[in-house]
Amino acid sequence: MNQNSSSRFTPILLALCLVAGILIGTFYANHFSGNRLNIINTNSNKVNDLLRIIDDQYVDTVNMTELVEQAMPRILAELDPHSGYIRAKDAEASVESLKGSFSGIGVSFTKQNDTARIISVIKGGPSEKVGLLAGDRIVNVDGKDITAKEITAEDCMKLMKGKKGTKVKLGIQRMGEKKPLYYTITRGDIPVHSIEATYMLTPETGYVKIKSFSETTYPELLVALAELNQKGFKNLVIDLRENTGGIMQTAIQMANIFLPKNRLILYTEGRKFPREEYKSDGRGAFPNLPLTVLVNEGSASASEIFAGAIQDNDRGTIIGRRTYGKGLVQQPIEFRDGSMIRLTIARYYTPSGRCIQKPYEKGHGEEYENDLIERYERGEFFSQDSIKQSGPQFKTRLGRTVYGSGGIMPDIFVPEDTSDVTSYYKEALISGLIYQYAFNFADSHRQELNELETNEELVRYLDRQNIVGKFADFAQHRGLRRRNLMLYKSRKLFRKSLYASIINNVKETEQFYEFINSDDAVVERAIKVLEEGKAFPEAPQKAPSEKFIGKAMASCDTIAFPSFDYAYG
């Protein structure tokens, strides 16, 4: 009986001894054998193992979440310059411009010194409905004082944005009112228009300024073309300068409007993504409309897809300066915590077969970002002869030579004019003093300026105010020494920058573009090409030494305007 009982318990005792042995062995292996892992892992698991070891054994307590957040962008930076990581708190803002809307109160504002000042109130938005006005100062949001200097425009924007249908209470200081006014605003969907201006440059030439390629850009363009069609346009200028791109599919849809049936727009190809072609379907409304496209070094990605499709199909004339050179396709991939990566999955190729991605070295993102500075220093912005086209050659449908690897070279090069630029002007521009003065002037003369409807009336009014001279006094009081000789030499530039900024503060964006385009050499060149009936490129003459299409203009009066530091709520 006792012998049978012992026999029954023997397997159980052996199992318990085996488990105890494994546990003791694991303990000693971890603590006395150099912390080697028991299992040889693949390289892809090393990162997880490393993080686990740090969390388990590092000498100090480590915030593992923050460590991962810091590691993610560094890992992706080793792939290419355009793969990237976006934290959860920034992910929503990163896609707003692509979606074409956001949820907020519907104002644009700037933080001047310690005060958030409303630049404009979006028509039909929640703020207009409750009575907010341009020029109002926002002094608190939901009882929180936002007038402290350490509170940034971004901080204010986050307080004002929120989910659709939620409420926010603003304290407003209005000129002429002794006490703050309080408004409770219900947040709503605020459209973010990617087309900033649509108007007639001449009685026959329409103009469309596109700042990005979002989900709403294609329908916006259809509306703009319908508007121009009602005005009898026969030619078109599409301005993509400083357009950094956006959604690839939007660029394809837009190119389709202007191309005959079955024309290749682009194709994509990657290691895990076989070649996929995108062709025009023949249902575009304007396959024969004379067309010019304006580009510069700030035109990238989807802008280059559109310009490349037009150029390679010999459908229109590209005018301006060499584009940025981004030919990589990113796919957004979201994590459960709301963060996301944009991973490069393919390259895109224009119809001639060229990839216009400029060269880069993995892990050297800073050098890549400095490329435009290097172009400037080489003189590319000022002389076509300074541009080195070292990429492979390709042919358009008519046999014109185009180049890959390094952006899109325009058919007609128009240099930037720096003849009137002085160090005094550059310092005034870079310091932001021009925009500060323009805002202050617009704010204190808002009623008179609003009564002037046309740019001609505005210019005559501003000419009587001695704006340039008053600005020099304003800047001197803020540390920028007045230099009369340089002020005289750069007077036209000062005048244009100040007037443009004032107009932008009190009028619609379209009126701002009408003003700055009035003597823009690139726009003038486009009008000339269209009026001479030369928008459609011709087959090249047989000249073996021919390297570029088009001639450089001797000079121009273009002026670079940095993006305005306005936030939205």
Side-chain angles (χ1 to χ4, degrees), residues 195-211 224 228 233 235-244 290-299 303 307 316-323 376 380-384 408 410-421 425-426 429 434-435 438 454-456 458-459 462-463 490-504 507-532 534-535 550-564:
I195 292 185
E196 294 188 304
T198 302
Y199 68 96
M200 296 294 289
L201 286 167
T202 73
E204 293 187 343
T205 301
Y207 171 88
V208 178
K209 172 66 178 180
I210 306 175
K211 72 172 181 179
L228 294 174
F233 83 125
N235 310 309
L236 180 63
V237 176
I238 291 183
D239 193 345
L240 299 181
R241 291 175 294 177
E242 305 302 331
N243 183 323
T244 56
L291 174 67
T292 58
V293 180
L294 312 185
V295 297
N296 67 3
E297 57 283 344
S299 307
S303 292
T317 299
I318 313 300
I319 302 175
R321 296 192 292 273
R322 183 159 71 105
T323 63
Y376 183 90
E380 277 201 22
F381 294 4
F382 320 112
S383 171
Q384 183 173 352
I408 291 174
D411 302 315
I412 298 175
F413 176 80
V414 180
E416 183 177 348
D417 179 31
T418 59
S419 57
D420 294 335
V421 175
Y425 172 75
K426 287 195 291 185
L429 197 65
I434 285 178
Y435 306 107
T454 68
N455 281 343
E456 290 76 13
L458 283 164
V459 168
L462 295 174
D463 281 342
S490 298
R491 189 174 187 84
K492 286 176 63 176
L493 293 178
F494 275 112
R495 179 180 181 272
K496 186 169 185 178
S497 294
L498 288 162
Y499 285 22
S501 298
I502 291 169
I503 292 171
N504 192 62
K507 300 296 181 181
E508 298 295 327
T509 308
E510 190 170 283
Q511 200 160 337
F512 163 78
Y513 279 105
E514 285 186 36
F515 175 77
I516 65 171
N517 286 339
S518 60
D519 61 351
D520 184 296
V522 183
V523 173
E524 289 174 353
R525 183 64 165 157
I527 293 172
K528 183 178 180 182
V529 167
L530 291 165
E531 289 181 342
E532 291 177 350
K534 296 180 179 179
K551 297 180 179 179
M553 291 184 65
S555 64
C556 66
D557 294 323
T558 54
I559 173 173
F561 287 92
S563 57
F564 291 92

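Only this structure's heavy atoms are used, side chains among them; waters, hydrogens and symmetry mates stay out. Positions are given from 1 along the sequence. In this text, all values refer to a predicted model and were calculated from it rather than measured experimentally.
- Between Glu297 atom CD and Glu242 atom CD the span is 6.0 Å, to the nearest 0.5 Å.
- Listed for the Ser490 side chain is no donor-acceptor partner under 3.5 Å among the backbone atoms of Tyr425.
- Classification of the Tyr199-Tyr207 ring pair by plane angle, with boundaries at 30° and 60°, yields tilted.
- The closest side-chain heavy-atom distance from Ile434 to Leu498 is below 4.5 Å.
- Residues Thr317 and Val293 fail the side-chain proximity criterion, which asks for heavy atoms closer than 4.5 Å.
- Here the straight-line distance linking atom CZ of Phe233 with atom OG1 of Thr198 works out to 10.5 Å at 0.5 Å rounding.
- Among all heavy-atom pairs drawn from Gly320 and Pro410, the shortest one is O-CG, 3.3 Å.
- Between the CD1 atom in Ile238 and the CG atom in Leu294 there is a gap of 9.0 Å [rounded to 0.5 Å].
- Side chain of Asn235 to backbone of Leu291: no donor-acceptor contact under 3.5 angstrom is found.
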Worksheet entry | Verdict with supporting geometry, Tyr435 and Ser497, side chain to side chain donor-acceptor pair (under 3.5 Å) | CA-CA 8 Å; Tyr435 306 107; Ser497 294; 5.6 Å; no
Discussion item. Please determine whether side-chain contact (heavy atoms from CB on, under 4.5 Å) holds for the pair Lys496 and Asp519, giving the CA-CA distance in whole Å, both sets of side-chain angles, and the decisive distance to 0.1 Å.
Written reply: CA-CA 10 Å; Lys496 186 169 185 178; Asp519 61 351; 2.5 Å; yes
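- Glu514 is linked by a side chain to side chain donor-acceptor pair (under 3.5 Å) to nothing, counting only residues two or more places apart in sequence or in another chain.
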Item to complete: Go through the steps to decide whether Val459 and Asp463 satisfy the test side-chain contact (heavy atoms from CB on, under 4.5 Å), and finish with yes or no.
Response: CA-CA 6 Å; Val459 168; Asp463 281 342; 3.6 Å; yes
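- Put simply, the side chain of Asp520 gets close to the backbone of Val523: a donor and an acceptor are under 3.5 Å apart.
- The closest side-chain heavy-atom distance from Asn296 to Glu416 is not below 4.5 Å.
- Note that CD of Glu532 and CD1 of Ile527 are 12.0 Å apart. Values are rounded to the nearest 0.5 Å.
- Panel note: side chain Asp411, backbone Ile318; a donor-acceptor pair is recorded below 3.5 Å.
- By the 4.5 Å heavy-atom criterion applied to side chains, Ile503 and Leu458 are counted as neighbours.
- Judged purely by atom type and a 3.5 angstrom limit, Thr323 uses its side chain to pair as donor or acceptor with the backbone of Ile408.
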Worksheet entry | Residue pair Lys209, Asn517: steps toward the side-chain contact (heavy atoms from CB on, under 4.5 Å) verdict | CA-CA 11 Å; Lys209 172 66 178 180; Asn517 286 339; over 6 Å; no
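- Interatomic distance, OG1 of Thr454 versus CZ of Phe515, reported as 12.0 Å (0.5 Å rounding).
- Not a single ring-ring contact (aromatic ring centres under 6.0 Å, His included) links Tyr499 to another residue, sequence neighbours left out.
- Taking CD of Glu204 as the start and CG of Leu530 as the end, the distance is 10.0 Å to the nearest 0.5 Å.
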Practice prompt. For Thr202 and Glu531, run side-chain contact (heavy atoms from CB on, under 4.5 Å): C-alpha distance rounded to whole Å, both residues' side-chain angles, the deciding distance at 0.1 Å, then the answer.
Written response: CA-CA 10 Å; Thr202 73; Glu531 289 181 342; 4.1 Å; yes
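- A cation-pi geometry, defined here as NZ or CZ lying under 6.0 Å from the six-membered ring centre and within 45° of its normal, holds between Arg321 and Phe381.
- Screening Asp239, Ile319, Thr205, Ile412 for a side chain to side chain contact (heavy atoms under 4.5 Å, CB included) with Thr292, the sole residue that qualifies is Ile319.
- Residues forming a side chain to side chain donor-acceptor pair (under 3.5 Å) with Glu196 (at least two apart in sequence, or on another chain): Tyr513.
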